[in-house]
Student: 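Quick one: this structure, given as C-alpha cells, is what I'll be asking you about.
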Amino acid sequence: MTLKFYNSLTKKKEVFAPVHEDHVNMYVCGPTVYDHPHIGHAKSYVSFDVIVRYLRYLGYKVRYVQNITDVGHLTDNADTGEDKILKRAQRERLEPAELVEIYTRSYFEDMDALNNVRPDISPRATAHIPEQIELVERLIEKGYAYVSNGSVYFDVNKFKEYGKLSGRKQEELEAGARIEINPEKRNPSDFALWKKAEPAHIMRWKSPWGEGFPGWHLECSAMSMKYLGQTLDIHGGGLENTFPHHECEIAQSEAANDLSFVRYWIHNNMVTVNGQKMGKSLGNFITLKDAFKKYHPLTIRFFILTTHYRSPLDFSDEALDAANKGLERLHNTIQNLRERLGHAKEGSSSGGFYEKLDHYKKTFLEAMDEDINTPGAIAALFDLSKEVNTLLNSSQEISKQCLEDIDNLYQELGGNILAIIPKTFEFEKTDTSNILTSVMQVLIDTRNELRKEKQWQLSDFIRNKLSEIGIALDDKSDGTTWKKTK
RNA sequence: GGCGGCUUCGCCAAGUGGACUAAGGCCACGGUUUGCAAAACCGUUAUCCUGGGUUCGAAUCCCAGAGCCGCCUCCA
C-alpha cells in the first residue's frame, strides 16, 4: 500500500516520499485572527487534520506547523489596503494584541471542538519580525528585492519561475489590469515584502528601511524556514490562496535558498452556502460558534469528511441533517457493540469474523492511500457496520475478545484517523452509583411489569415522556436499555 | 479579459480506460423483527450533461457544444 497525494504544483497524483524517510515536515497556512472562525476554516483544518493523523498512523513522525497571522494581511492584495487586524482593532477599540488574543483563543476553541489535533507549533507573525527582516535583507542582497520609499518589494521579473504554481503568466497579470498602479513598484505585479508604516499605523517595527511592518506572504516563508527547514515535505492551504499568496511564498523562499521550497502542495477546496459562494461581502458567513448551536461539532466534522477535500462542499441544513443521521447510524452500531461488551463472556472467538475485519480495514486504508479519499473510507465503515449489526443481532455467541477487537478497529480507523467516533459515548460516562441511573432502573422495571400485563397505554406513556426529555428506551429480547439523545 | 475546475440514482457523494450488471449515506416504497415503537436486517431505484471521435473495451481519454462554479477584490 502506498500513499499518494495530488500535488497542485505538478497537477498529478504522486507517490508520497518525504525528504527524510520517517519524518514529515508539514506547513499549513493558518488563520488571520481578526474574527471568529467560520465553516470554511472548519473544512480546511479538518482536511489537514486528517492528513496529519493519517501520516502519523502510517508511522511518520510529523512536525505540523500552522501559523497565526496577526499582522500584515491587508484588505486587498494590491498592497494598498488596510491591515485587517488593525482595522478591526480600531473598530472594536482594542489593542491589536488584545484583538489577536481574543480571536486566537476562539480559533483554538472551535478547532478543539472539531477534534482537530493542535499543531506542534503555532508561530505568530509578530513574534518573528527579526526572521522576516533577515529574509528581506537576504533577498535584497541577492538582487531579488529592491527598496522604494521605505518599503521593500520583490522584483517578480528576477524570479523566472514566478507563476509555476498558479499557471499565471506575467504578461497576463498585467493585462488583467485589476492591480492598482503603485508608483513605488517597478512592475505592477511586484509584491510587498516590507511596508513603510504611515504615522497613524500603530503596528510598526524598526527595520533597516525605517519603521514598518512585514508583508503578508513573508511570514510563511520565514517561519516555515525557521521551524521546518528550507524544503518542506507538505505545504497545505486553501485553494483561493494559490495566487498570489503561495506563488509569492515560492518566489521568496526559492530566491533566498536556491532550493526547491515544497515537495507536495496540497490545496483544499472551498465551502459554499446553499449553493452560493461564502464571502464577507455576501454576508452569508456562518461562524462555527453559530453552527455548533445547531449541530454537534462531530456532525460537522463528519459532514466535511463525506466529501473529498479537493471538492467543494455545499453547506445546507438538509445536507447537515442527512449527515447527522448517517453519523448516528454509525454511532448506534458502536454503542450497541460496547453495550454488549459490558456483559460479554470470555471464550473462543468467532474466527470467521476476523476475515471480514481485515477486509474492511484494507478497503478503508486503500481509500485513504488514494489522496485521502475520506468518502471512500467512510463507506468502508458503513459496510463494516452492516456486518457488525448482523453479527450483534444474530443469536450467535460472541466472545468478549472478538467484541473488543471490533471496537479496537473502530477506534483505530474511525477514532484515531478520522476522529469521528468518540472514545466514550454519553451513556458510557453514566456513573452506576448515579441517582439518575437508579431512578431509570426503577422506571424501566416498572414499565416492564406493565408490559408483562400488556398495559401498553401506560408503558408507552412512560416511553413517550422519557423521549420528550431526551431519553430513548430500547426494548431488546434480553432486557431494556436507555440512553440520552440530547 | 486571463487561469482553473465541475456536470454520476429524488438529494448528497465515491469511482478517472476492463472485476461498473457504478461504492456509501439521506429520502421513499415493500418485507423481516417488535405488543407497538426505536434500532437493525433484506429488497426495490442510475449506463454516468449533449453530440462526435479514439479503443477489442470509456462514466473514465480526445474534440465540439450546453449549463454551473472558483481564482485573478474581501475570504480557509
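Computed from a prediction, not measured in an experiment: that's the story for all the values here. Chain identifiers are assigned alphabetically (A, B, ...) following the order of the sequence lines, protein sequences preceding nucleic acid strands; residue numbering begins at 1 within each chain.
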Student: Specify the residue among A:A472 and A:F303 whose closest nucleotide of RNA chain B lies further upstream toward the 5′ end.
Tutor: A:F303
Student: Enumerate all atom pairs, one protein N or O and one N or O from nucleotides 15-26 of chain B, separated by less than 3.5 Å.
Tutor:
| residue | atom | partner | partner atom | Å |
| --- | --- | --- | --- | --- |
| B:G15 | OP1 | A:N373 | ND2 | 3.4 |

Student: List the residues meeting ring pair (Phe, Tyr, Trp, His ring centres under 6.0 Å) with A:F302, not counting sequence neighbours, and say none if there are none.
Tutor: none
Student: Between B:U34 and B:U21, how many Å separate the two C1' atoms, rounded to a whole number?
Tutor: 36 Å
Student: Given that A:R463 and A:Y6 both sit by RNA chain B, which one's nearest nucleotide is further toward the 5' end?
Tutor: A:Y6
Student: So which heavy atom on A:S189 is nearest to which on A:Y162, and how close?
Tutor: O-OH, 4.4 Å
Student: Under the ring pair (Phe, Tyr, Trp, His ring centres under 6.0 Å) rule, collect the residues that match up with A:Y6, sequence neighbours excluded.
Tutor: none
Student: Under 3.5 Å, side-chain donor or acceptor atoms of residues 379-388 of chain A against the rest of the protein: list the pairs with distances, not counting sequence neighbours.
Tutor:
| residue | atom | partner | partner atom | Å |
| --- | --- | --- | --- | --- |
| A:S385 | OG | A:L381 | O | 3.0 |
| A:S385 | OG | A:Y410 | OH | 2.8 |
| A:E387 | OE1 | A:K356 | NZ | 3.3 |
| A:E387 | OE2 | A:Y360 | OH | 3.0 |

Student: What's the gap between B:A38 and B:C26 when it is taken at their P atoms, as a whole Å value?
Tutor: 15 Å
Student: Looking at B:U33, which nucleotide sits across from it as a Watson-Crick or G-U wobble partner, both distances under 3.5 angstrom, or is there none?
Tutor: none
Student: How would you list, by chain and number, every residue that makes a ring pair (Phe, Tyr, Trp, His ring centres under 6.0 Å) with A:Y264, sequence neighbours excluded?
Tutor: A:F16
Student: Could you go step by step and tell me if A:E109 and A:R105 meet the salt bridge (Lys or Arg N to Asp or Glu O under 4.0 Å) rule?
Tutor: CA-CA 6 Å; A:E109 193 178 290; A:R105 288 176 197 179; over 6 Å; no
Student: Once you apply a heavy-atom cut-off of 4.0 Å, does A:S166 come out as touching a base, just sugar-phosphate, or nothing?
Tutor: sugar-phosphate
Student: Which residues in residues 287-299 of chain A have at least one heavy atom lying under 4.0 Å from any atom of RNA chain B?
Tutor: none
